[in-house]
Amino acid sequence: MKKRPYLPIVLASVLLPQFAHGQAFDISTFDGTVAGPWSALNSTTLMVPKVSNGSIKLDSTISSAEYGGFTGVTVTPGVNAWILDFPGDRIWGNPNDSSFTYYLAHDDDYLYVGVDAKDDVVNTDDPNAAFWKDDAIEIIIDALNDRLDNNTDSSKDAFGGHSYVNFEGRFSGWDDTANAKVGQSWSSGVDWTYGANGNVFGFGKAAAGGWKMEVRFKKNMFENPVAGNKLRNGYIMGFNIGMDDDDKKGLGTNGDKTRSQDLEIQYFWANRQRYKDLNAAYLDTLTAADKAAQVWRTDPDNHGLFIDSTGRLSHGGTGEIIFGYDTDKLTSGKILYLCANADLSGTDDSSVVALLRAAGYTVKPFTASGPAGGDDMRAAAVGQDLIMISESLGSGSVLEPIGEPVIQKFIYRDTNIPIISWEAFMWDNAEWTSHPEDFSNEFSFFGNTGRTEDTQPDDLKLAFDSLYIKKPTHPIATGLTGKVKVYNPPYSLNYGKPTADADVIASVRENGEFPCLFVYEKGDKLVDGSVCPNKRIGLFTGQVASLTANWNPEIRWFTEAGKTLLLNTVKYAVGSAVVAEPVKIVAARIASGLRVTFTGTLQSADSVTGPWTDVAGAKSPADVAFAGAGKFYRSK
């Protein structure tokens, strides 16, 4: 049922077949302006596990187990690396000449990076500030994930920036002789030091077939006290890592002077597309409203998406890492994650999955393939604790034809597993929301805010950054009340009109109209009168809205409250949320009728089988007069 506008394709894939098929790869032919694995969201988004304090020893012995189960990421020219077009006589032979696998982890105090490099000639012979000419890694940190088009060599980032660490673990921003900082391209706002007891420290050495090195960074180097960012519990930060290779052919002390530079090749894990000239100076010229509307997205002539060599050192070119949760905040459960592509390509599914994994869930991405693949989808759900339906898929891919005349029905309509969906355009076919008889898209019933369609109320044709909590006692809300900001900047909210059986946790309008977060419990009645076999939850997370936000959602726009609502919804669905005090109802006879004492929400019905409706304005205790036909009451 979803109708999506056609969007510019900004993430394409470039094929690098030469090395993959066993042929030598000529790095001089690499086009550094094209998209590829280095710019794709799914291959440049990672979850960083949380490990016990002190469990990682900087001894150049690197393993996945030591790094909290992190699966090492291998970066290879000719396969998935972005390659710099310098020097002119750059050269690379094969992965044994230069390639690397890196590992990430964090504890309460440090971010750790471990590197296992293949290198046929290991060398360092330049001063610290020129380690880019030697065998070294390069690190770029966008601490606040602002994704600006800048150059961290000149921006002098107060927190984060650009640095090099050579294969021995020595640091580019430190003068070993003077035992002092040198330059201002790394965390210029922090009084940091290098050493075993300092903010930065590394150790590495040559190994068979290359070298191994580990380095740790004190988190305070990336935590801005004004912004209040903390590198833990789902925080998202821009990160990039690159490799420099020196094979003793250049002009350095150990070189044979047969080449123009010590550097033979420089290449990076990430170089994402970024908006041209989206920088601090440009943002200073914009009004708050223009910033909220992200006006640069609709100005391709001046702020088009592009990739170039500066991108490897820019905030906008970094990949993204999501920090794993503290042990006492971890949850568990198996999630079947239905989306457009099981490889998580194309949209921000990769970040959502990384966040879920950071919180402790085991997530199985799966391509929605209905109606033909309905049986496969049901089989994939067996043994899972939760099914999550992403907005990235088309609503028809979770439907199948039923009956005569044929009606498109939800493939999981009878599945006894909790389901969360933020694909609002399948809610009608699933009978979660009221809808026209012909199941057409009617935006006075359901949809997402910010549309151009005439059927959407005018006050919903806006971008929203907030919703209204209507049931603060529910475990999903965890005490949040009133107007709660969930996006920054504003985006689109999903909404629907569930039955009276559903718990409305939040709504678009303050008066409770247009629910945007609602829960059906097992046994509740849906719109067609059918009964829920398990929890069914409609989630507020919006999607492309052609009037106000003609682009896919990004999880980095979620405020902490927004992420809390998302993760609390998941915890509640799998049954690991803190259980709220059970609702209670007690009736006592009084002269005029009954006095009903209750917790939760008081509802009434003319029949014990419903339909049940909230008693408007009811507060405990409520006095009910004996008048008219009999009534039934319950608390929910």
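What you see is a predicted model; the values in this text were computed from it and never measured. Hydrogens, waters and symmetry mates play no part in the numbers below; they use all other heavy atoms, side chains included.
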So NZ of K156 and CG of N151: to nearest 0.5 Å the spacing works out to 10.5 Å

List the atom of S99, the atom of P95, and the distance in Å for their closest heavy-atom pair.
OG-O, 2.8 Å

Between T347, D343, D349, which is the residue that forms a side chain to side chain donor-acceptor pair (under 3.5 Å) with S345?
D343

Cut-off 3.5 Å, side chains only: do N123 and N254 have a donor facing an acceptor?
yes

Quick one: list whatever passes ring pair (Phe, Tyr, Trp, His ring centres under 6.0 Å) with F171, sequence neighbours left out.
W186, W192

When rounded to the nearest 0.5 angstrom, what is the spacing between CG in D157 and CG in N150?
6.0 Å

Pairing residues for N197 by the side chain to side chain contact (heavy atoms under 4.5 Å, CB included) criterion, not counting sequence neighbours
none

Under the ring pair (Phe, Tyr, Trp, His ring centres under 6.0 Å) rule, collect the residues that match up with F86, sequence neighbours excluded.
none

Shortest non-hydrogen separation from T44 to P37 and the atoms involved
CG2-O, 3.5 Å

Just grab all the salt bridge (Lys or Arg N to Asp or Glu O under 4.0 Å) pairs involving residues 289-308, residues at least two apart or on different chains.
R274-D308, R297-E554

How close do E320 and W269 get, counting heavy atoms only, and between which atoms?
N-CH2, 4.4 Å

Do N240 and I139 touch side chain to side chain, with heavy atoms closer than 4.5 Å?
no

Between L46 and I322, is there a side-chain heavy-atom distance shorter than 4.5 Å?
no

Which value, rounded to the nearest 0.5 Å, describes the distance between I555 atom CD1 and T541 atom OG1?
8.0 Å

Relative to each other, are the rings of Y194 and F201 parallel, tilted or perpendicular (30° and 60° limits)?
tilted

Just say parallel, tilted or perpendicular for the rings of F239 and Y102, cut-offs at 30° and 60°.
tilted

Tell me, please, which residues at least two apart from K249 pass salt bridge (charged side-chain N to carboxylate O under 4.0 Å, His left out).
D256

Taking the side chain as everything from C-beta on, heavy atoms only, tell me whether V34 gets closer than 4.5 Å to W38.
yes

Set of residues satisfying ring pair (Phe, Tyr, Trp, His ring centres under 6.0 Å) with respect to Y325, sequence neighbours excluded:
none

Is the backbone N or O of T253 less than 3.5 Å from a side-chain atom of D125, with the two atoms forming a donor-acceptor pair by type?
yes

Side-chain donor/acceptor pairs under 3.5 Å, residues 228-236, sequence neighbours excluded:
{"residue": "N229", "atom": "OD1", "partner": "N224", "partner atom": "N", "Å": "2.7"}
{"residue": "N229", "atom": "ND2", "partner": "F222", "partner atom": "O", "Å": "2.8"}
{"residue": "N229", "atom": "ND2", "partner": "Y235", "partner atom": "OH", "Å": "3.4"}
{"residue": "R232", "atom": "NE", "partner": "D326", "partner atom": "OD2", "Å": "3.3"}
{"residue": "R232", "atom": "NH2", "partner": "D108", "partner atom": "OD1", "Å": "3.3"}
{"residue": "R232", "atom": "NH2", "partner": "D326", "partner atom": "OD1", "Å": "3.3"}
{"residue": "R232", "atom": "NH2", "partner": "D326", "partner atom": "OD2", "Å": "2.9"}
{"residue": "N233", "atom": "OD1", "partner": "D326", "partner atom": "N", "Å": "2.8"}
{"residue": "N233", "atom": "ND2", "partner": "D326", "partner atom": "OD2", "Å": "3.4"}
{"residue": "Y235", "atom": "OH", "partner": "A143", "partner atom": "O", "Å": "2.5"}

Do you see a donor-acceptor pair shorter than 3.5 Å between the side chains of D107 and Y112?
yes

Can you check whether T478 reaches T564 side chain to side chain, under 4.5 Å on heavy atoms?
yes

More than 12 heavy atoms of other residues, nucleotides or ligands under 6.0 Å from NZ of K118: yes or no?
no

Please check this pair: side chain of T331 against backbone of K571, looking for a donor-acceptor N/O pair closer than 3.5 Å.
no

Result of checking V75, D244, L84, N80 against Y267 for side chain to side chain contact (heavy atoms under 4.5 Å, CB included)
V75

Under 3.5 Å side-chain donor-acceptor pair for T124 and N166:
yes

Would you indicate whether the side-chain heavy atoms of F100 and I241 approach each other to under 4.5 Å?
yes

Reference residue H303; test ring-ring contact (aromatic ring centres under 6.0 Å, His included); the match among W296, Y275, Y282:
Y282

According to ring pair (Phe, Tyr, Trp, His ring centres under 6.0 Å), who are the partners of Y487, at least two apart in sequence or on a separate chain?
Y491, F558

With a sphere of 6.0 Å drawn around NZ of K329, does it hold more than 12 non-hydrogen atoms of other residues, nucleotides or ligands?
no

Taking side chain to side chain donor-acceptor pair (under 3.5 Å) as the test, write out the residues that go with Y110, two or more places apart.
none

Roughly how far apart are I321 CD1 and S351 OG, rounded to 0.5 Å?
12.0 Å

For residues 159-178, which residue pairs qualify under salt bridge (Lys or Arg N to Asp or Glu O under 4.0 Å), counting only residues two or more places apart or in two chains?
E168-R170, R170-D176

Closest non-hydrogen atoms of D142 and M237, given as atom of the first, atom of the second and distance, are O-CG, 3.4 Å

Going by side chain to side chain donor-acceptor pair (under 3.5 Å), name the residues that satisfy it together with D89, two or more places apart in sequence or in a different chain.
R259, S260

Here the gap from L313 atom CG to D153 atom CG, rounded to the nearest 0.5 Å, amounts to 5.5 Å

Evaluate the side-chain proximity of F323 to K50: yes if any heavy-atom separation is below 4.5 Å, no if none is.
no

Report yes or no: does D465 contribute a side-chain atom to a donor-acceptor pair with the main-chain N or O of P489 at less than 3.5 Å?
no

To the nearest 0.5 Å, what is the distance between CG on D246 and CG on D126?
7.0 Å

Residue pairs passing the side chain to side chain donor-acceptor pair (under 3.5 Å) test with at least one member in residues 54-64, sequence neighbours excluded, are none

